[in-house]
**Student:** 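First the structure, then my questions, so here it is.
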Amino acid sequence: MISLETTLSREDVVRLCERVEGAQKEARAITKLTEEYPAMNMDDGYAVQNALRARFMEQGHKLVGWKAGLTSKAKMQQMGVDVPSIGFLTDKMAVPENGVVSVSELVHPRVECEIAFMTSKDLQGPNCTAEQVLAATAYVIPAIEIIDSRFQKFSFDLQSVIADNGSSARFVGGGRPRYVEGLDLRTIGAVLEKNGEIVEMGAGAAVMNHPAEAVAMLVNILHKLGETLPAGSFVMSGGITAAVAVEPGDSVVARFQHLGSVSVSFKE
Ligand code: OOG
Ligand code: MG
């Protein structure tokens, strides 16, 4: 059951969904949705995101998992928000390890290093805990997320970014999948390199003190969307550090303690 407290009419949700979809497909920057709908709230943002997900599913995209976003202080400070959010991930967003992403398909991409979870049991809210997440985790794997806000100057508010599916654009999983038993995800270090230089670094605890907390938060938001997290989901727990802008010619490597590294590069 969906338990969102929305203020937008169905027609406005469809209208905003089409606007975001157009901006994503044509790699075009648009103004924040709140400029036209100043009263819209976060739940309205999720209503637009739900409509976008339904539309992509109708077009044959497959849901492969979800992402938590704005889960670290570094990310919140960078974006000027203080509440985490979630978005959905489809097969069309997946990039192979060491793959090449075409920047011309995106507006102004940035990269983030994240710990991703592959689940082996169904999870559901409203009271999902980090312990339940860890018990339902098949393995963790390092990931790079390529985010791309469709809003001008990468400047947004929570309502708008949620409607834009949490800036989801592409993601890459790689490195060494590891069981969580015996791993302390809080103290795992991560280093983000661009063109051979270290540009950001951090540790797992940057994400809500433990990345599994971010996944539990995500499952609890899914409950509000009337969704559960099925076994076999790929879930990104959120950028550990601030996101880094990329352009054609750049190559990026995220190196994780115990989990190996994952890389991606960018062309025109
Ligand atoms: C929103 C998406 C944030 C993360 O890992 O924090 C995100 C944005 O910053 O555009 O994916
Ligand atoms: Mg992210």
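Values in this document were obtained by computation on a predicted structure and should not be read as measured data. Just so you know, ligand 1 is whichever comes first in the structure, and atom 1 is the first atom listed for that ligand.
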**Student:** State, without any angle test, whether Tyr37 and Asp12 hold a side-chain donor-acceptor pair at a distance under 3.5 Å.
**Tutor:** yes
**Student:** Between the side chains of Gln24 and Asn165, is a donor N or O closer than 3.5 angstrom to an acceptor N or O?
**Tutor:**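 No pair is found: no donor N or O on one side chain lies under 3.5 Å from an acceptor on the other.
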**Student:** Name of the Glu112 N, O or S atom nearest the Mg ion (ligand 2)?
**Tutor:**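 For Glu112, the N/O/S atom sitting closest to the Mg ion (ligand 2) is OE1.
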**Student:** Relative to ligand 1, is Met236 under 4.0 angstrom through side chain, backbone, both or neither, heavy atoms considered?
**Tutor:**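 None of Met236 does.
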**Student:** What residue and atom, counting heavy atoms only, is the protein's closest point to atom 11 (O) of ligand 1, and at what distance?
**Tutor:**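 Going by distance alone, atom 11 (O) of ligand 1 is nearest to Lys67 NZ, 2.7 Å.
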**Student:** Could you tell me, atom by atom, which parts of ligand 1 come under 4.0 Å of a heavy atom of Lys75?
**Tutor:**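 It comes down to these atoms of ligand 1: 3 (C), 4 (C), 6 (O), 8 (C), 9 (O).
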**Student:** What is the name of the N/O/S atom of Glu114 that is nearest to the Mg ion (ligand 2)?
**Tutor:**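 Distance check against the Mg ion (ligand 2) picks out OE2 in Glu114.
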**Student:** Counting C-beta onward and ignoring hydrogens, is there a side-chain heavy-atom pair between Pro109 and Val103 closer than 4.5 Å?
**Tutor:** yes
**Student:** Enumerate the atoms of ligand 1 whose separation from the nearest heavy atom of Phe154 is less than 4.0 angstrom.
**Tutor:**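 So the answer, numbered in order with elements, is 10 (O).
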**Student:** Which ligand 1 atoms, with their elements, are less than 4.0 angstrom from a heavy-atom of Glu112?
**Tutor:**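 Every atom of ligand 1 under 4.0 Å from some heavy atom of Glu112: 3 (C), 4 (C), 5 (O), 6 (O), 7 (C), 11 (O).
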**Student:** If the cut-off is 4.0 Å to any non-hydrogen atom of Met79, which atoms of ligand 1 fall inside it?
**Tutor:** 9 (O)
**Student:** With heavy atoms of Glu114 as the reference, note each atom of ligand 1 found under 4.0 Å away.
**Tutor:**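 So the atoms of ligand 1 that pass are 5 (O).
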**Student:** Output yes when a side-chain donor or acceptor of Thr119 lies under 3.5 Å from a complementary backbone atom of Pro230, and no otherwise.
**Tutor:**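 Yes, the answer is positive, given that a donor and an acceptor are paired below the 3.5 Å cut-off.
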**Student:** Would you mind finding which of Gly239, Ser237, Gly166, Gly238 brings a heavy atom closest to atom 2 (C) of ligand 1?
**Tutor:**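 Residue with the shortest heavy-atom distance to the ligand atom: Gly166.
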**Student:** Between Ser167 and Asp148, do the side chains contain an N or O donor and an N or O acceptor separated by less than 3.5 Å?
**Tutor:**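 Absent: no donor and acceptor within the cut-off.
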**Student:** In ligand 1, which numbered atoms sit nearer than 4.0 Å to a non-hydrogen atom of Ile147?
**Tutor:**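 The atoms of ligand 1 under 4.0 Å from a heavy atom of Ile147 are 8 (C), 9 (O), 10 (O), 11 (O).
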**Student:** Hey, is CZ on Arg186 packed in by over 12 heavy atoms from elsewhere, all under 6.0 Å?
**Tutor:**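 It does not: Arg186 CZ has 12 such atoms or fewer within range.
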**Student:** Do you know which N/O/S atom name in Glu145 is closest to the Mg ion (ligand 2)?
**Tutor:** OE1
**Student:** Report yes if some heavy atom in the side chain of Leu52 is under 4.5 Å from a heavy atom in the side chain of Phe88; otherwise report no.
**Tutor:**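 A side-chain contact exists here, since the closest heavy-atom pair is under 4.5 Å.
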**Student:** Tell me the protein heavy atom at minimum distance from atom 1 (C) of ligand 1, and give that distance in Å.
**Tutor:** Ser167 OG, 3.6 Å
**Student:** Kindly confirm or rule out an N or O of Val161 lying under 3.5 angstrom from an N or O of ligand 1.
**Tutor:** no
**Student:** Would you say the side chain of Ser233 lies within less than 4.5 Å of the side chain of Met118, judging by non-hydrogen atoms?
**Tutor:**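 A side-chain contact under 4.5 Å is absent here.
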**Student:** Does Ser160 offer a backbone N or O that forms a donor-acceptor pair with the side chain of Asp157 under 3.5 Å?
**Tutor:**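 Yes.
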**Student:** Can you check whether Leu70 has an N/O within less than 3.5 Å of an N/O in ligand 1?
**Tutor:** yes
**Student:** Does Ser265 reach the side chain of Val252, with side-chain heavy atoms less than 4.5 Å apart?
**Tutor:**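 The answer is no; the side chains never approach within 4.5 Å.
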